[in-house]
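The structure appears below as structure tokens.
Computed from heavy atoms alone, side chains included, the values below leave out hydrogens, waters and symmetry copies. Keep in mind the model is a prediction, meaning the values are calculated, not measured. Chain A is the first sequence line, chain B the second, and so forth, proteins listed ahead of strands; every chain is numbered from 1.
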Amino acid sequence: MKLNTTANIPDRDGFYQDLIDSQRDMTDEEASLMNCKLVILLANHIGDREALTEAIRLAARTARAAART
Amino acid sequence: MLKTYQYPEFGYVRSPEQAEGKQVRHPVVIIGAGPIGLATGLECARRGIPCVILDDNNTVSIGSRAVCYAKRPLEFLDRLGCAERMIAKGISWQVGKVFFREKLSYQFDLLPESDHKMPAMINLQQYYLEEFLIDEIAREPKADLRWKHKLLSIRQNDDHAVLTIETPDGVFTMEATWVVACDGANSDTRKMVGGDFVGQFFQDRFLIADVVMKADFPTERWFWFDPPFHPNQSVLLHKQSDDVWRIDFQLGWDADPVEEKKPEKVIPRIKAMLGENVPFELEWVSVYQFACRRMKDFRIGRVLFAGDSAHQVSPFGARGANTGFQDADNLGWKLKLVLDGNAPEALIDTYTEERAFAADDNLMNSTRSTDFITPKSAMSKRFRNAVLELAEHTPGIRPLVNSGRLSTPTPYVTSSLNTKDVGDWAGRMTPGTNCDDAPITLGGKPAWLLNQLGDGFVVLTFGEAPASEVKSGGVSARVVTVGKDIEDTKGLVAARYDGRPGTTYLIRPDQHVAARWRSFDGKTIAAALKKACGQ
């Protein structure tokens, strides 16, 4: 497993607030586009092809499972 | 009629076999004198196979079709003697610009690796390429190009096929040990022998417009995503020779081809794109549609398929003609060995093995480009737009922009003809890979490595060779010693082949690596040679 799934973000609440605040005045369409940009920028930052695939699989699997319930 | 080009008309000649009513067996008969058929014929003839090329028409390709030729196909065409003329006539470009909606997103310079004889790519109208191939065939006594010869039917036997041909003089039959069908995506030959053509991953239509424009427009490749003059689609502008510019407007599958082709529809679109004040003349308009698909097996009995008759991809990345030439490159030497009885027929089946592998790689690449250029869902469109918007100010994101990846050869890494590597190797020359070119000195004069490979098998060695050739059965490989037969003046042969004292490569006639070792051992090389011949 290349993907770090242990807690790794300092100032976790601050990060989360940053994320939510940045989209507070956005429409859903604007926020969606921003999320896409965020994924692309973060993926480029990570740059580890295996870790990226693991993250995609994990996110996709859990999104599907959640959408079914 | 084009303003910049006059189509030649080639004369029909009644063949002696038809005149005499004699059924002749030919080693190879090629159906279709398009770029791939002509190249296959020339390739076979150069390898010493007498071959006949049949075409139901009497001129070169009409209109605007293949444009861009990449390095590896140019290397192959150089072996056939056509590349220098193509480069002299063609257009080279290095700067590309990517536009998103109304503005420039970014521009790039290709900066191709230096010290290769062939450029990374050139643009040239298909009819010029065909003309050059036809000129070369006229000088080649073993290639017999026959115009106005239409294939009506094929009957397959165990060791040959019987072809029924119609000419202005009526119908006659001829036999072929092997038939190579190069008659395009709508191949009649394929239908005659019941070949499949499956896997429509994607289909689309393009409006192709050639315009003559003398204005001082830079020689650059311009690609638009979702431009204001053609919303939600892509547009590509490319320069060809004779001041002819090729424009590809993506139309979508639902577009009406008849309506879209009308000058009153096309001209305003081009004006919106080039600017009101740029004078141009419309040279050619057509609508082109395609699908992504391939035959399961490129051989049916005695009939082999090459080029678009075997596989069809989207135009993004110029993979059609480019990959077709590599089919011809792969097939010629195999036919020669099998026809001469120096290799089993199983060698012919490695043509499908290697070229279907390459076709799948091409299909994958063009599908990826298509998914970027034409997103299929609202979310994938958002991702695409996110990449394009980021690319403007964040250079690190630009490599993700996919406006078509230029065709590069697919190494046959899994081929059954390869001998597995032993030891550690640096660089890209793994077994199954096409050989990199490098500048050398030959007899005191500057020359190129690739021009020394390709007549037959070659053993390229960086050390003292105990022999001048290696044999397996009736096949021999000529030994070329770096430092003796050729001088590695710039040290690039050693650099590109990870050559150390003793390093030895076995190179196939199509300039692909079959095997390599860190020392010269005649027995080991002979075993690899046998394997590379399909035994």
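More than 12 heavy atoms of other residues, nucleotides or ligands shown are found within 6.0 angstrom of CG on D109(B). Within 6.0 Å of the CZ atom in R57(A), the count of heavy atoms belonging to other residues, nucleotides or ligands does not exceed 12.
Remark: T394(B) OG1 to I40(A) CD1 distance equals 11.5 Å, nearest 0.5 Å. The CG atom of L390(B) sits 9.5 Å away from atom CG of N44(A), with the distance rounded to the nearest 0.5 Å.
Contact check for L41(A) versus I397(B): side-chain heavy atoms found under the 4.5 Å cut-off. In this structure, C36(A) and R384(B) have side chains that are not in contact, with every pair of non-hydrogen atoms separated by 4.5 Å or more.
Within the structure, the salt bridge (Lys or Arg N to Asp or Glu O under 4.0 Å) test picks out the following pairs touching residues 34-49 of chain A (sequence neighbours left out): K2(A)-D48(A), K37(A)-E389(B). Screening residues 23-36 of chain A for salt bridge (Lys or Arg N to Asp or Glu O under 4.0 Å) gives D21(A)-R24(A), E29(A)-R382(B) as the qualifying pairs, with residues at least two apart or on separate chains.
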